[in-house]
Amino acid sequence: MEKIKMATPLVEMDGDEMTRILWKMIKDELILPFIDLKTEYYDLGLEHRNETDDKVTFDSAEAAKKYGVAVKCATITPNAARMDEYNLKEMWKSPNGTIRAVLDGTVFRAPIQVKGIDPCVKNWKKPITLARHAYGDVYKNTEIKVPGAGKAEIVFTGEDGQEIRQTIHEFTGSGVIQGIHNTDKSITSFAKACFAYALDTKQDLWFATKDTISKVYDHNFKDIFQEVYDSEFKDKFEEAGLEYFYTLIDDAVARVMKTEGGFIWACKNYDGDVMSDMVSSACGSLAMMTSVLVSPDGIYEYEAAHGTVQRHYYKHLKGEETSTNSVATIFAWTGALRKRGELDNIKELMDFADKLEEATLGTIESGSMTKDLALITSIKDVNVLNSEGFIKEIRKNLEMKL
């Protein structure tokens with residue numbers, strides 16, 4: 001078959017460790033034989049980030065702004081051990097965090113459901129999409145270890161010199177203090193992205209915080225969401241037959257267990273971090289989770305929701321066989337290719353993305369899968385494949401569909 005042509009490049013952000021190995025396999029076996037691939041390539045591997053003083057990460061985010069669609073491999077966020085291992089100049093920040101900040105984006109994550117991998121919650125028939133605010137709260141906190149007795153205060157000094165001061169606690173002994181913040185601008189962007197994505201995917205939207213306890217901080221989120229909904233999205237939601245509602249986070253947790261799924265659940269930063277792992281684990285594995293960063297301006301960055309699979313990478317370096325699940329990384333590529341096709345009106349590209357996803361899920365449903373899925377599947381007599389073998393089996397099924 002003639003290769004599918006692209007009009008506009010994707011921004012390609014390469015990554016680290018085992019996912020970097022899978023990235024090349026996926027391109028070589030599942031993308032390049034079928035698509036005349038156009039990408040603007042950025043190497044976000046930790047060594048290259050270190051060489052460029054992390055400039056490459058910012059450059060890749062600006063490229064995503066320019067072209068509108070990006071696809072990203074998993075990357076290392078270094079800790080002290082990584083500092084020594086990679087001889088880093090400094091402990092570079094999370095590339096995901098940097099890109100989210102540049103794009104002012106919201107992360108949407110949903111489990112990839114497949115026959116034979118049944119959710120732990122038996123009534124979840126459709127995927128639950130987690131929308132995670134990607135700015136502020138504990139991820140941009142300031143912390144103090146209190147050495148002993150004293151008064152802790154929160155102080156805001158305005159540009160005009162006006163001061164707002166409030167006592168946090170009168171300490172009689174040692175303890176800890178944490179200061180967190182958010183901005184109305186970021187919360188508004190979060191709300192707009194959530195409502196727009198709900199319309200785009202035709203799903204109801206839930207939003208949950210704890211405004212009964214946090215009567216200023218969390219209530220501000222609730223108020224901004226309501227204002228954005230009333231002023232920009234209410235009529236569109238009603239026309240589309242969609243529902244938006246707010247509830248407390250503990251109520252949402254209780255209610256979500258009894259639903260069939262098929263909606264978007266918007267959460268603040270930490271809540272979204274935790275709840276997305278809960279949903280993905282209940283549906284099988286982090287390697288079976290899509291993740292897309294969406295900006296209020298309509299920029300899309302697709303990625304796998306998991307890390308770099310360090311343990312398998314060390315085995316790979318020793319020449320040992322690995323059985324690493326590449327589904328989430330494949331779906332990052334299909335998501336980006338489908339969106340590129342949609343924006344450029346290239347139906348062949350959109351159809352290819354659909355068929356690659358069908359081939360991937362069909363491979364698992366036929367009983368051929370990686371070890372992590374073989375341990376939890378209800379399918380009998382499974383064929384456990386290594387990392388490369390799984391991708392090659394998907395290619396066979398893809399070629400039949402094409």
**OP:** Nearest 0.5 Å please: distance from the CG atom of Asn220 over to the OG1 atom of Thr183.
**Re:** 9.5 Å
Subject >> Ion pair Asp351/Lys355, N-O distance below 4.0 Å >> reply: no
Original post:
Would you find more than 12 non-hydrogen atoms of other residues, nucleotides or ligands less than 6.0 Å from Glu163 atom CD?
Top reply: yes
Original post:
Using 4.0 Å as the upper bound for N to carboxylate O, is an ion pair formed by Arg338 and Glu342?
Top reply: no
Original post:
For atom NZ of Lys89, is the number of surrounding heavy atoms from other residues, nucleotides or ligands below 6.0 Å larger than 12?
Top reply: yes
**OP:** Mind running side chain to side chain donor-acceptor pair (under 3.5 Å) on Thr308 and Asp16 for me, showing each step along the way?
**Re:** CA-CA 6 Å; Thr308 57; Asp16 287 299; over 6 Å; no
Original post:
Who pairs with Tyr270 by side-chain hydrogen bond (donor to acceptor under 3.5 Å, both in side chains), at least two apart in sequence or on another chain?
Top reply: none
Original post:
ring-ring contact (aromatic ring centres under 6.0 Å, His included): which pairs involve residues 329-387, sequence neighbours left out?
Top reply: Trp23-Trp333, Phe34-Phe352
Original post:
Looking only at atom types and distance, does a side-chain atom of Thr259 sit under 3.5 Å from a main-chain N or O of Gly261, one as donor and one as acceptor?
Top reply: yes
Original post:
Just how far is it from atom CD1 of Ile376 to atom CG of Asp118, taken to the nearest 0.5 Å?
Top reply: 9.5 Å
**OP:** Any salt bridge (Lys or Arg N to Asp or Glu O under 4.0 Å) involving residues 119-129? Give me the pairs, sequence neighbours left out, ordered by first then second residue.
**Re:** none
**OP:** Hey, could you give me each pair passing salt bridge (Lys or Arg N to Asp or Glu O under 4.0 Å) that has a residue in residues 181-203? Not counting sequence neighbours.
**Re:** Asp104-Lys185, Lys192-Glu232, Asp200-Lys339
**OP:** Check whether any side-chain N or O of Ser326 sits under 3.5 Å from a backbone N or O of Thr329 as a donor-acceptor pair, and report yes or no.
**Re:** no
Subject >> Check: Asp137/Tyr217 side-chain N/O donor and acceptor closer than 3.5 Å >> reply: yes
Original post:
Could you go step by step and tell me if Phe390 and Ile364 meet the side-chain contact (heavy atoms from CB on, under 4.5 Å) rule?
Top reply: CA-CA 9 Å; Phe390 180 60; Ile364 296 168; 4.0 Å; yes
**OP:** Kindly state each residue pair satisfying ring-ring contact (aromatic ring centres under 6.0 Å, His included) with at least one member in residues 37-57, sequence neighbours excluded.
**Re:** none
Subject >> Lys/Arg N to Asp/Glu carboxylate O, Lys396 vs Glu393, below 4.0 Å >> reply: yes
Original post:
Are the side chains of Arg340 and Leu337 in touch, meaning some heavy atoms are under 4.5 Å apart?
Top reply: no
**OP:** Just say parallel, tilted or perpendicular for the rings of Phe237 and Tyr229, cut-offs at 30° and 60°.
**Re:** perpendicular
**OP:** Please confirm whether the backbone N or O of His181 pairs with a side-chain atom of Lys140, one donor and one acceptor, at under 3.5 Å?
**Re:** no
**OP:** Answer yes or no: is there an ion pair linking Arg82 with Glu17, defined by an N-O contact shorter than 4.0 Å?
**Re:** yes
Subject >> Thr377 side chain to Leu373 backbone, donor-acceptor under 3.5 Å >> reply: no
Subject >> Ser295: side-chain contact (heavy atoms from CB on, under 4.5 Å) partners, not counting sequence neighbours >> reply: Leu103, Asp297, Ile299
Subject >> Contacts of type side-chain hydrogen bond (donor to acceptor under 3.5 Å, both in side chains), residue Glu320, not counting sequence neighbours >> reply: none
Subject >> Pairwise salt bridge (Lys or Arg N to Asp or Glu O under 4.0 Å) hits with a residue in residues 248-272, at least two apart >> reply: Lys210-Asp250, Asp218-Lys268, Asp251-Arg255
**OP:** Before accepting this row, confirm whether a basic side-chain N of the pair Arg20/Asp43 lies closer than 4.0 Å to the acidic partner's carboxylate O.
**Re:** yes
Subject >> Listed once per pair and sorted, the salt bridge (Lys or Arg N to Asp or Glu O under 4.0 Å) pairs that draw on residues 360-380, sequence neighbours left out >> reply: none
Original post:
Just wondering, are more than 12 heavy atoms of other shown residues or ligands nearer than 6.0 Å to CG in Asp160?
Top reply: yes
Subject >> Ile154 atom CD1: more than 12 heavy-atom contacts under 6.0 Å >> reply: no
Original post:
In this structure, are over 12 heavy atoms from other groups packed under 6.0 Å from Glu238 atom CD?
Top reply: yes
Subject >> Which residues share a side-chain hydrogen bond (donor to acceptor under 3.5 Å, both in side chains) with Gln178, sequence neighbours left out >> reply: Glu143
Original post:
Is the His169 ring parallel, tilted or perpendicular to the Phe171 ring (thresholds 30°, 60°)?
Top reply: perpendicular
Subject >> More than 12 heavy atoms of other groups within 6.0 Å of Lys55 NZ >> reply: no
Original post:
Is the number of heavy atoms from other residues, nucleotides or ligands within 6.0 Å of CD (Glu239) greater than 12?
Top reply: no
Original post:
How many angstroms lie between atom NZ of Lys93 and atom CD1 of Ile99, to the nearest 0.5 angstrom?
Top reply: 14.0 Å
**OP:** Could you tell me whether the side chain of Thr322 and the main chain of Ser387 form a donor-acceptor pair under 3.5 Å?
**Re:** no
Subject >> Backbone N/O of Met257 and side chain of Asn123: donor-acceptor pair under 3.5 Å >> reply: yes
Subject >> Side-chain (Thr290) to main-chain (Ala110) donor-acceptor, under 3.5 angstrom >> reply: yes
Subject >> Interatomic spacing from CE in Met278 to CD1 in Ile128 - rounded to 0.5 Å >> reply: 7.0 Å
Original post:
Is Lys66 paired with Glu62 through a side-chain N to carboxylate O contact shorter than 4.0 Å?
Top reply: no
**OP:** Classify the side-chain pair His306/Thr19 by whether it contains a donor and acceptor separated by less than 3.5 Å.
**Re:** no
**OP:** Assign the ring pair Tyr197 / Phe108 to parallel, tilted or perpendicular, where the plane angle (0 to 90°) is split at 30° and 60°.
**Re:** parallel
Original post:
Between atom CD1 of Ile31 and atom CZ of Arg395, what is the distance when rounded to the nearest 0.5 Å?
Top reply: 11.0 Å
Original post:
Which residues pass the side-chain hydrogen bond (donor to acceptor under 3.5 Å, both in side chains) test with His312, sequence neighbours left out?
Top reply: Thr324
Original post:
Do side-chain atoms of Asn269 reach the backbone of Val138 as a donor and acceptor pair under 3.5 angstrom?
Top reply: no
Original post:
Can you tell me how far the CG atom of Leu130 sits from the OG1 atom of Thr106, to the nearest 0.5 Å?
Top reply: 12.5 Å
**OP:** Return yes if some donor-acceptor pair links the side-chain N/O of Arg49 with the main-chain N/O of Asp54 below 3.5 Å, else return no.
**Re:** no
Subject >> ring-ring contact (aromatic ring centres under 6.0 Å, His included) pairs, two or more places apart, involving residues 56-79 >> reply: none
Original post:
Counting distance only, does the side-chain N/O of Ser276 pair as donor-acceptor with the main-chain N or O of Asp273 below 3.5 Å?
Top reply: yes
